[in-house]
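Okay, so here's the structure we're looking at.
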2 protein chains.
Amino acid sequence: MTDQPLELVVRASHEISLLTSDRITEALEELRLTLATAHALWAIDPAEPAPSMKVLADRLFCNAPNLSFLVNQLVERGYVARDVDANDRRSRVVVLTEEGRRVRERVMRVTLEQSPFAGCEPEELSRLAAILQRVLDRTGPRPSTRPARGGSERTG
Amino acid sequence: MTDQPLELVVRASHEISLLTSDRITEALEELRLTLATAHALWAIDPAEPAPSMKVLADRLFCNAPNLSFLVNQLVERGYVARDVDANDRRSRVVVLTEEGRRVRERVMRVTLEQSPFAGCEPEELSRLAAILQRVLDRTGPRPSTRPARGGSERTG
DNA sequence: GCGATTTACTTCGAGACTCGAAGCAAGGAC
DNA sequence: GTCCTTGCTTCGAGTCTCGAAGTAAATCGC
């Protein structure tokens with residue numbers, strides 16, 4: 001009865017995430033990051049406009065106080081800076097520093113290398129990507145870690 | 001450059017896990033569980049022989065002190081009990097109580113319902129299951145949350 | 001048998017994460 | 001200008017996680 005595909009998929013997906021987290025923890029320590037701060041750093045794509053605290057909190061499924069804490073960690077380590085948004089002076093945007101960009105690249109590289117998905121054939125990976133993309137699209141648009149390639153996003 | 005399938009897959013998979021966690025948190029509170037304790041409860045399949053603390057810790061990617069803490073939580077809530085393993089009196093096996101079985105069922109049901117994967121067509125789900133199973137198989141056998149259907153496991 | 005080592009687990013203390021409540025400053029309605 | 005809302009921060013409490021140290025049982029070497 002444990003063999004229904006949905007259960008297998010949910011468990012496998014979760015297991016793969018945990019395994020990946022477990023494998024990268026050591027490398028993250030060298031970068032003075034934890035899983036939480038590394039995830040926050042990952043969520044700031046230098047190719048996109050700098051996200052506000054609120055946007056970032058939504059991306060990370062966490063609340064404002066928690067994000068303040070995480071960003072403080074990154075600021076202390078010199079990986080990001082806070083800027084006041086000129087269009088709304090209540091809002092602070094989080095900007096990667098030069099070193100932050102480098103460290104973020106390293107986090108991504110290590111994570112992709114260590115992921116069990118790294119062992120997939122390109123063809124298998126493409127099928128997987130297509131399915132997962134569809135699944136995410138169906139859940140309704142998220143505050144975008146992944147900015148919708150053909151997208152209608154009006155980021156300014 | 002963000003479009004390579006591996007990155008998309010790793011991010012999507014992680015995102016889906018987080019989204020699922022976020023969605024079930026409220027329901028778990030009613031069961032007096034957190035994500036960590038719910039995960040521990042999930043990892044104890046009543047159809048398999050009761051796992052030792054060590055086996056359970058391996059399944060959850062956590063260490064011994066942490067597992068002690070989690071099992072204590074579950075014991076306090078009446079969902080599991082510790083038994084001394086007759087074959088090795090150093091070892092304690094974790095056994096679901098009657099209520100523990102019921103609560104575990106509920107955790108699984110809620111999680112599967114709330115998972116973004118729940119929206120997949122059966123055919124899509126099967127393809128996904130096949131791929132993920134292959135990915136996990138390639139990473140080497142884990143201490144088994146998922147006991148290898150055709151398996152050669154000698155559980156005694 | 002008996003001591004030394006290893007293994008399974010627990011306790012303890014510290015650090016990291018997360019949240020709700022409360023507070024502050026800026027924007028918007030009127 | 002006043003009231004309300006929004007974005008963020010600070011604070012305090014609770015949860016999670018780990019390493020270090022300790023206990024008990026098993027195993028090894030003899």
Side-chain angles (χ1 to χ4, degrees), chain A residues 17-18 21-26 28-29 31-44 49-77 79-95 143, chain B residues 17-18 21-26 28-29 31-43 49-77 80-95 143:
Chain A
S17 287
L18 290 182
S21 297
D22 188 56
R23 286 179 175 177
I24 65 177
T25 300
E26 200 171 343
L28 292 182
E29 268 171 37
L31 302 171
R32 293 177 302 158
L33 290 173
T34 62
L35 287 170
T37 50
H39 188 210
L41 190 64
W42 181 307
I44 305 168
S52 68
M53 298 292 285
K54 179 172 181 42
V55 167
L56 213 41
D58 285 344
R59 276 187 203 166
L60 300 174
F61 298 94
C62 73
N63 60 8
N66 191 8
L67 187 69
S68 275
F69 170 79
L70 294 175
V71 170
N72 283 342
Q73 302 291 312
L74 293 176
V75 170
E76 282 173 22
R77 283 155 187 71
Y79 297 161
V80 306
R82 273 185 252 242
D83 280 357
V84 173
D85 182 343
N87 294 108
D88 182 346
R89 295 171 43 71
R90 292 170 302 180
S91 180
R92 278 133 187 84
V93 294
V94 185
V95 186
Chain B
S17 286
L18 290 181
S21 297
D22 189 55
R23 286 179 174 177
I24 65 177
T25 300
E26 200 172 342
L28 292 182
E29 268 170 36
L31 301 170
R32 294 177 301 157
L33 290 173
T34 62
L35 285 171
T37 49
H39 188 210
L41 190 63
W42 181 306
S52 68
M53 299 291 284
K54 179 172 183 40
V55 166
L56 212 40
D58 285 345
R59 276 186 205 168
L60 300 175
F61 299 94
C62 74
N63 59 10
N66 191 6
L67 187 69
S68 275
F69 170 79
L70 294 175
V71 169
N72 283 342
Q73 301 292 312
L74 294 176
V75 169
E76 282 173 22
R77 283 156 185 71
V80 306
R82 272 187 253 242
D83 280 357
V84 174
D85 182 344
N87 294 107
D88 182 346
R89 295 171 43 71
R90 291 170 302 180
S91 180
R92 277 133 188 85
V93 293
V94 184
V95 186

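Per chain, numbering begins at 1; letters A, B, ... match sequence-line order. Quick caveat: nothing in here was measured; it's all calculated off a predicted structure.
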**OP:** Write down the atom of Pro51(B), the atom of Val55(B), and the distance for their closest heavy-atom approach.
**Re:** CB-CG1, 3.9 Å
Original post:
Toward the 5' end of DNA chain C, which comes first, Phe69(B) or Gln73(A), by nearest nucleotide?
Top reply: Phe69(B)
Subject >> Approximate separation, where rounding is to 0.5 Å, of Leu35(A) CG and Leu28(A) CG >> reply: 6.0 Å
Subject >> Value in whole Å for how far the C1' atom of dC18(D) lies from CZ of Phe61(B) >> reply: 17 Å
Original post:
Between Asn87(B) and Asn63(B), which is nearer to the 5' end of DNA chain D once each is assigned its nearest nucleotide?
Top reply: Asn63(B)
Subject >> Heavy-atom pair with the smallest gap, counting every atom of Val94(A) and Leu56(A) >> reply: CG2-CD2, 4.0 Å
**OP:** Could I get the full list of side-chain hydrogen bond (donor to acceptor under 3.5 Å, both in side chains) partners for Arg23(A), not counting sequence neighbours?
**Re:** none
Subject >> Nucleotide range of DNA chain C lying under 4.0 Å from chain A heavy atoms >> reply: dA16(C) to dG27(C)
Subject >> Residue pair Val93(B) / Ala50(B): nearest heavy atoms and the distance that separates them >> reply: CG1-O, 3.7 Å
Original post:
Quick one: what's the B/S/- string for nucleotides 3-9 of chain D, heavy-atom cutoff under 4.0 Å, read 5' to 3'?
Top reply: ---BSSB
Subject >> Under the side-chain contact (heavy atoms from CB on, under 4.5 Å) test, residues paired with Val84(B) that sit two or more places apart >> reply: Arg89(B)
**OP:** With sequence neighbours excluded, tell me which residues meet salt bridge (charged side-chain N to carboxylate O under 4.0 Å, His left out) with Arg90(B).
**Re:** Asp88(B)
Original post:
Per the end-axis method with five pairs at each terminus, what is the bend angle of the helix from dG1(C)-dC30(D) to dC30(C)-dG1(D), to 10°?
Top reply: 30°
Original post:
side-chain hydrogen bond (donor to acceptor under 3.5 Å, both in side chains) with Thr34(B): which residues, sequence neighbours excluded?
Top reply: Thr37(B)
Subject >> By side-chain contact (heavy atoms from CB on, under 4.5 Å) - contacts of Leu18(B) (at least two apart) >> reply: His39(A), Phe61(A), His14(B)
Name the atoms and distances for all side-chain donor-acceptor pairs under 3.5 Å in residues 65-73 of chain A, with sequence neighbours left out.
unit_1, atom_1, unit_2, atom_2, d
Asn72(A), OD1, Arg82(A), NH2, 2.1
Asn72(A), ND2, Ser68(A), O, 3.3
Gln73(A), OE1, Arg77(A), NH1, 3.4

